[in-house]
There are 2 protein chains.
Amino acid sequence: MLRTHTCGELRIEHINESVTLCGWVQKVRDKGGMLWVDLRDRYGITQLLFEEGSTAEELLTTARSLGREFVIKASGVVTERYAKNENIATGDIEIKVESLDILNASEVPPFIIEDKTDGGEDLRMKYRYLDLRRNEVREKLQLRSRLAIATRNYLANEGFIEVETPVLIKSTPEGARDFVVPSRMNPGEFYALPQSPQTFKQLLMVSGLDRYFQIVKCFRDEDLRADRQPEFTQIDCEMAFVTREDILGMFEQMVRSLFKEIKGIEFTEFPMMTYAEAMKRYGSDKPDIRFEMEFVELNEVARNKGFNVFDQAELVVGICAKGCAEYTRKQLDALTDFVRRPQIGAKGLVYAKCNADGSFKSSVDKFYNQEDLKTWAEAAGAQSGDLLLVLSGKTNQVRKQLNELRLHLGTELGLRDNDVYKPLWVVDFPLLELDEETGQYHAMHHPFTSPKKEDFDMLDESPGEVRANAYDMVINGVEIGGGSIRIHDRATQQLMFKHLGFTEDEAKAQFGFLMDAFEYGAPPHGGIAFGFDRLCAMFGGTESIRDYIAFPKNTSGRDVMIDSPSPIAEEQLVELGVKLR
Amino acid sequence: MLRTHTCGELRIEHINESVTLCGWVQKVRDKGGMLWVDLRDRYGITQLLFEEGSTAEELLTTARSLGREFVIKASGVVTERYAKNENIATGDIEIKVESLDILNASEVPPFIIEDKTDGGEDLRMKYRYLDLRRNEVREKLQLRSRLAIATRNYLANEGFIEVETPVLIKSTPEGARDFVVPSRMNPGEFYALPQSPQTFKQLLMVSGLDRYFQIVKCFRDEDLRADRQPEFTQIDCEMAFVTREDILGMFEQMVRSLFKEIKGIEFTEFPMMTYAEAMKRYGSDKPDIRFEMEFVELNEVARNKGFNVFDQAELVVGICAKGCAEYTRKQLDALTDFVRRPQIGAKGLVYAKCNADGSFKSSVDKFYNQEDLKTWAEAAGAQSGDLLLVLSGKTNQVRKQLNELRLHLGTELGLRDNDVYKPLWVVDFPLLELDEETGQYHAMHHPFTSPKKEDFDMLDESPGEVRANAYDMVINGVEIGGGSIRIHDRATQQLMFKHLGFTEDEAKAQFGFLMDAFEYGAPPHGGIAFGFDRLCAMFGGTESIRDYIAFPKNTSGRDVMIDSPSPIAEEQLVELGVKLR
């Protein structure tokens with residue numbers, strides 16, 4: 001190594017040792033007679049000292065020529081510092097430099113390489129290699145690396161075999177869009193990049209691998225919302241001869257173990273809730289249960305009092321904001337504006353304050369007297385000082401709207417602490433979802449999810465009511481994983497494809513290999529996949545996944561650093577047998 | 001779990017326990033009064049017993065209906081076997097079955113699921129999920145999984161951070177062919193799949209990550225030889241502030257540690273050889289040093305004796321086959337035919353036998369007398385009973401030819417034992433290779449490899465003689481890894497591109513981001529990449545990599561199981577902005 005030590009390693013016990021360090025110039029302080037350089041590498045910062053009189057003139061000149069981000073190699077003797085710096089691990093010592101090499105100069109960087117930088121998002125993405133020098137960004141990649149290793153070791157210890165499934169697979173019209181790859185050797189034909197290794201991991205179960213996992217890149221060519229990436233990483237797992245409880249148990253244990261190992265957090269509870277219950281209590285299939293503020297259905301007490309809006313609503317439902325009775329008109333208007341935003345789409349918001357003196361004040365006092373409002377408060381378990389917020393409308397819509405309001409209030413009231421983690425299983429999702437435009441059912445999860453046995457008979461008559469043997473792991477309102485017990489026989493799989501509107505030929509052309517495999521002794525099996533980027537962000541205590549990806553793409557799917565995608569040469573197109581439209 | 005134990009787990013101490021097993025029917029033996037079923041899963045085989053009289057009639061009927069590869073669940077009591085089977089770990093016991101469920105029936109499989117199968121390659125690839133049920137295939141995937149975990153843990157312990165680099169990158173005309181991916185969001189533009197994460201790992205060094213690794217899929221759209229795959233896996237590594245010796249030391253240690261952990265083998269030696277020496281002594285840049293049979297250059301002793309062929313040759317070079325003086329005319333002719341095959345292309349083969357009586361017999365006795373031949377033998381260190389085999393011609397060609405002959409003889413003489421492992425570093429490769437057709441130089445490794453400092457001045461005048469600071473790890477004649485110390489400054493990188501025939505604009509368009517990065521404090525760095533598929537095959541003691549890949553493609557790049565690549569829908573092409581030619 002060009003160095004004897006890293007910049008994070010030297011302590012008081014190294015005094016008088018001759019050492020060589022390499023790193024980047026973080027800062028130069030020139031006080032005339034003395035000159036200090038903060039030398040930085042991945043491991044820390046060490047102070048270098050150059051002193052007029054004792055340091056050779058030539059060395060001093062070189063030191064004075066150093067700019068930010070120069071890469072240097074410095075040798076010298078470890079010395080105790082006069083003024084110690086308790087903020088850094090090497091703060092007791094400095095290096096009296098005896099020789100200095102500039103290994104590489106640096107232009108002035110386009111933004112400051114410090115925790116607080118002056119660089120905007122676009123600039124930092126263009127110079128991502130400089131952004132990655134900042135501690136807070138690098139630490140996110142280090143966290144990701146640790147999480148990946150810990151996950152793999154956990155699963156390997158549980159007997160899972162890591163198998164790499166192919167990246168060049170077959171395009172299927174199902175679901176979100178495939179990226180495709182023209183085949184030079186097979187002109188007119190294309191590979192697709194996998195949206196997930198779903199069918200392959202099922203085939204591995206058919207092959208008797210028993211327990212499979214993979215941390216694997218997946219691809220989805222869809223319009224990117226702020227926090228989606230065209231390529232993303234999954235922890236993909238599958239087990240044979242299991243019931244739902246085996247999967248939940250195994251992966252609850254895995255996530256518990258990761259939280260313990262990486263964050264020192266032990267979960268006391270890991271509750272389970274059905275989809276139906278989650279929708280009723282929180283208006284969401286991924287409820288944030290760090291705080292209560294559960295939904296209270298008020299149909300019984302709020303209808304038939306002459307308030308037309310409620311009377312005509314399918315559902316009147318509210319939440320109780322503890323201690324918010326003193327909210328001002330302005331605050332209440334802001335909440336009303338919040339729910340009326342087009343993304344949320346409520347028509348209005350009804351409130352009822354439970355005043356400290358036991359009286360009530362609502363926005364619908366015209367229709368509801370004190371006694372009426374008291375029954376609301378009782379239904380909602382509201383106390384003096386609390387604020388009831390009520391929406392009404394079609395059940396599904398109003399639940400979604402109230403969920404947004406609940407989360408918004410939770411954030412506003414500081415109830416969503418990033419250092420608190422509340423995991424949850426949500427189970428028994430609907431198997432199928434009706435596309436109201438086309439009248440066609442879609443698989444809510446994917447077409448390989450098995451219906452619950454007890455609902456199987458409803459598949460023909462009321463497909464929308466059939467529950468799937470599917471489950472999601474939710475932490476703090478974020479879905480970090482999901483899976484299901486799979487269909488493992490040809491007949492059920494064919495029936496499923498039929499309900500999804502596949503002709504027999506289509507089903508065969510696209511998934512014939514899987515249905516064939518089911519005829520050669522496919523075991524019962526099920527699995528789960530975790531969004532690894534999201535899991536990393538969760539462990540990092542932040543919302544955006546982008547920072548946990550070394551070289552992310554922007555919302556147009558571009559890598560602005562390497563300027564990709566880009567046009568390719570005409571000869572290349574000819575070779576591939578395609579041309580541009 | 002549907003089972004209480006696996007099929008590999010029960011022993012004599014489990015006797016009288018009630019257990020439930022799941023698995024595949026390997027074999028049914030029906031002896032009338034008694035019926036045995038061998039039940040198989042990933043973990044082993046357990047024998048099930050059904051006995052007329054003590055087993056319920058209904059159960060017996062079900063048992064008699066079982067076919068090969070049916071998936072069943074059987075419960076019963078562990079019993080000591082009358083006739084023990086020492087070949088399997090569960091051979092002391094059997095299960096007296098009390099209940100039996102057929103979890104899934106099976107068609108008769110298209111080939112026998114046993115170590116020795118009757119299935120041809122094509123059939124096994126089409127039904128790869130059945131092929132993977134065979135122990136010997138599954139064990140290869142398990143070996144791969146263990147190797148991956150061990151590699152990751154080794155590198156993580158050495159402070160390497162695992163970073164996922166992007167799969168959707170930028171196409172460059174350099175080197176072998178890119179697979180490309182049309183971008184729907186950026187019509188007319190394409191991503192490329194990486195042939196290696198080379199530039200990204202260098203950027204990670206610029207970013208100060210210090211030590212990076214990744215086990216990563218790479219892609220190459222080239223005509224597939226028997227043992228190439230369009231997608232393959234690398235162990236990709238890079239370190240900053242290193243010299244060549246640091247890289248060699250680190251990765252020699254890694255490979256030593258893997259061999260010790262996985263195979264219980266400790267290397268006594270790990271020699272280093274220059275490219276020039278390897279070519280001179282073995283005619284190959286990846287010599288198999290499990291056996292000696294080194295090249296002996298005979299120019300001095302074999303020329304100027306009137307034998308025109310040798311006199312006009314640039315190089316006369318031979319090998320000594322120990323103890324082969326008794327080779328028959330037929331054997332010698334076979335060797336001559338071997339070197340005259342068009343793939344090898346020698347014109348003929350000269351031999352000289354060192355007879356037991358001290359005399360010599362050669363195919364060129366007309367030109368060389370006993371005394372002459374004695375000088376050959378002395379030069380070659382040949383003893384009585386040995387056989388000298390001599391080729392001549394242009395240096396590079398004749399070395400390649402003799403290398404083939406040496407390997408062929410080594411195999412024939414049983415000198416290449418698959419259980420013996422001899423590692424080796426080959427260093428100081430040429431930086432550039434002349435394409436004799438175009439007169440253009442190509443990078444032998446890739447354009448980011450640094451020239452050796454002491455050769456740098458020759459770059460303009462004799463580029464072909466400049467040595468690269470590059471190295472390969474070779475085991476048993478197979479290159480399993482290679483790398484180099486990289487260029488880390490813009491000026492040298494530009495010079496390199498110039499020598500490779502890039503215009504300044506081309507260099508900037510394709511690699512501008514990397515050269516820009518070099519201007520912001522790029523540290524000296526270097527790295528290595530191992531072919532993971534090949535490493536697995538090496539550990540498995542076989543030559544073909546295909547068996548170590550769960551779902552390989554055939555030599556036309558097809559996955560015959562899922563039938564990919566395949567045509568895609570016209571609408572999809574429209575969306576992507578391309579059409580077929």
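Note that the structure is a prediction, hence the values are computed from the model and not measured.
Interface residue B/Val108: only backbone heavy atoms are found under 4.5 Å from chain A. A/Met205 touches chain B through its backbone: at least one of N, CA, C or O sits under 4.5 Å from a heavy atom, while the side chain does not. In this structure, chain B has heavy atoms under 4.5 Å from both the backbone and the side chain of A/Val167. Heavy-atom distances place no part of A/Phe70 under 4.5 Å from chain B, backbone and side chain included. Residue contact with chain B, scored on non-hydrogen atoms closer than 4.5 Å, involves the backbone and the side chain of A/Pro166 alike. At a 4.5 Å heavy-atom cutoff, B/Asp131 makes no contact with chain A through either its backbone or its side chain. Using a 4.5 Å cut-off between heavy atoms, B/Asn186 touches chain A through its side chain atoms alone. For A/Ala240, the part sitting under 4.5 Å from any heavy atom of chain B is the backbone (N, CA, C, O) and nothing else. Both the backbone and the side chain of B/Arg211 come within contact range of chain A, judged by heavy atoms closer than 4.5 Å. Heavy atoms of B/Phe532 lying under 4.5 Å from chain A belong exclusively to its side chain. Neither the backbone nor the side chain of B/Lys73 comes within contact range of chain A; no heavy atom of the residue lies under 4.5 Å from a heavy atom of that chain. For B/Leu209, the parts lying near chain A are the backbone and the side chain together; criterion is any non-hydrogen pair under 4.5 Å. With a threshold of 4.5 angstrom between heavy atoms, B/Val242 approaches chain A through its backbone and through its side chain. Using a 4.5 Å cut-off between heavy atoms, A/Ala569 makes no contact with chain B at all. Looking at A/Glu575, only its side chain comes within 4.5 Å of chain B, counting heavy atoms on both sides. Only the side chain of B/Ser183 has a heavy atom closer than 4.5 Å to any heavy atom of chain A. Residue B/Ala509 does not touch chain A at all, counting heavy-atom pairs closer than 4.5 Å. At a 4.5 Å heavy-atom cutoff, the contact between B/Pro182 and chain A is made by backbone and side-chain atoms alike. For a residue to count as touching a neighbouring chain, one of its non-hydrogen atoms must lie under 4.5 Å from one of that chain's; by this rule B/Arg184 touches chain A with backbone and side chain alike. Only the side chain of B/Leu130 comes within contact range of chain A, judged by heavy atoms closer than 4.5 Å. Contact of B/Lys217 with chain A is made through the side chain alone, with heavy-atom distances under 4.5 Å.
From B/Gln229, atom CD reaches atom CG of A/Leu168 across 10.0 Å, with rounding to the nearest 0.5 Å. To the nearest 0.5 Å, atom CZ of residue A/Phe200 and atom CD1 of residue B/Ile562 are 4.0 Å apart. Between the CE atom of A/Met1 and the CE atom of B/Met250 there is a distance of 7.5 Å, given to the nearest 0.5 Å. The structure places CD of A/Glu164 at 10.0 Å from CG of B/Leu141, a figure rounded to the nearest 0.5 Å. Taking CG of B/Asp563 as the reference point, atom CD of A/Glu189 lies at 7.5 Å (rounded to 0.5 Å). Taking CD of A/Glu69 as the start and CD of B/Glu519 as the end, the distance is 14.5 Å to the nearest 0.5 Å.
Chain B forms the most heavy-atom pairs under 4.5 Å with one residue out of A/Ala148, A/Gly512, A/Ala517, and that residue is A/Ala517. For the set A/Pro109, A/Ala550, A/Ala522, the entry with the most heavy-atom pairs within less than 4.5 Å of chain B is A/Ala522. Across B/Asp41, B/Val180, B/Ile215, the residue that shares the most heavy-atom pairs under 4.5 angstrom with chain A is B/Val180. When each of B/Pro552, B/Ala156, B/Gly159 is checked for heavy-atom pairs under 4.5 Å with chain A, B/Gly159 comes out on top. By number of non-hydrogen pairs under 4.5 angstrom with chain B, the leading residue of A/Leu576, A/Thr199, A/Val163, A/Thr233 is A/Thr233. Highest contact tally toward chain B, considering only A/Leu132, A/Val206, A/Leu203, is held by A/Val206 [criterion: heavy-atom pairs under 4.5 Å]. Taking A/Val574, A/Ile72, A/Leu514, A/Thr165 one by one and counting their heavy-atom pairs under 4.5 Å with chain B, the maximum is reached by A/Val574. When B/Ile549, B/Ile568, B/Ile247, B/Thr243 are compared by the number of non-hydrogen pairs under 4.5 Å with chain A, B/Ile568 comes out ahead. When each of B/Val181, B/Asp489, B/Asn104 is checked for heavy-atom pairs under 4.5 Å with chain A, B/Asn104 comes out on top.
At least one side-chain heavy atom of B/Leu580 sits under 4.5 Å from a side-chain heavy atom of A/Val578. You'll find the side chain of A/Phe160 stays beyond 4.5 Å of the side chain of B/Ser145, heavy atoms only. Residues A/Leu193 and B/Phe179 fail the side-chain proximity criterion, which asks for heavy atoms closer than 4.5 Å. Considering only heavy atoms from C-beta on, B/Pro187 stays 4.5 Å or farther from A/Arg581 through its side chain. Here the side chains of B/Ile169 and A/Asp559 are not in contact, with every heavy-atom distance at 4.5 Å or above. In this structure, the side chains of B/Leu103 and A/Phe241 come closer than 4.5 Å at one or more pairs of heavy atoms. The side-chain heavy atoms of B/Glu107 and A/Asp516, taken from C-beta on, include no pair separated by under 4.5 Å.
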Report the C-alpha separation of B/Leu204 and A/Phe551 in whole Å, then their side-chain angles, then the decisive distance to 0.1 Å, and conclude whether the side chain to side chain contact (heavy atoms under 4.5 Å, CB included) test is met.
CA-CA 10 Å; B/Leu204 289 174; A/Phe551 300 102; 3.7 Å; yes
Step by step, work out the side chain to side chain contact (heavy atoms under 4.5 Å, CB included) result for A/Asp210 and B/Thr6.
CA-CA 10 Å; A/Asp210 206 69; B/Thr6 70; 5.7 Å; no
Evaluation steps, side chain to side chain contact (heavy atoms under 4.5 Å, CB included), between B/Arg42 and A/Ile161
CA-CA 11 Å; B/Arg42 167 185 143 193; A/Ile161 303 177; 3.6 Å; yes
After noting the C-alpha distance and the side-chain angles of B/Tyr191 and A/Glu231, does the key distance pass the side chain to side chain contact (heavy atoms under 4.5 Å, CB included) rule?
CA-CA 12 Å; B/Tyr191 301 101; A/Glu231 51 180 298; over 6 Å; no
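Among residues two or more places apart in sequence or in another chain, the ring pair (Phe, Tyr, Trp, His ring centres under 6.0 Å) test is passed with A/Tyr129 by none.
Among all heavy-atom pairs drawn from B/Ile149 and A/Asn153, the shortest one is CG2-OD1, 3.6 Å. Residues B/Arg133 and A/Ser207 come closest through the heavy atom pair CG-O, 3.2 Å. For B/Asp246 against A/Leu2, the heavy-atom pair with the smallest separation is OD2-N, 4.4 Å.
Listed for the B/Trp24 side chain is a donor-acceptor partner under 3.5 Å among the backbone atoms of A/Gly521.
Within a 6.0 Å sphere centred on NZ of B/Lys126, other residues, nucleotides and ligands contribute 12 heavy atoms or fewer.
Of the candidates A/Arg146, A/Arg152, A/Gln142, A/Arg144, B/Glu162 forms a side chain to side chain donor-acceptor pair (under 3.5 Å) with just one, namely A/Arg152.
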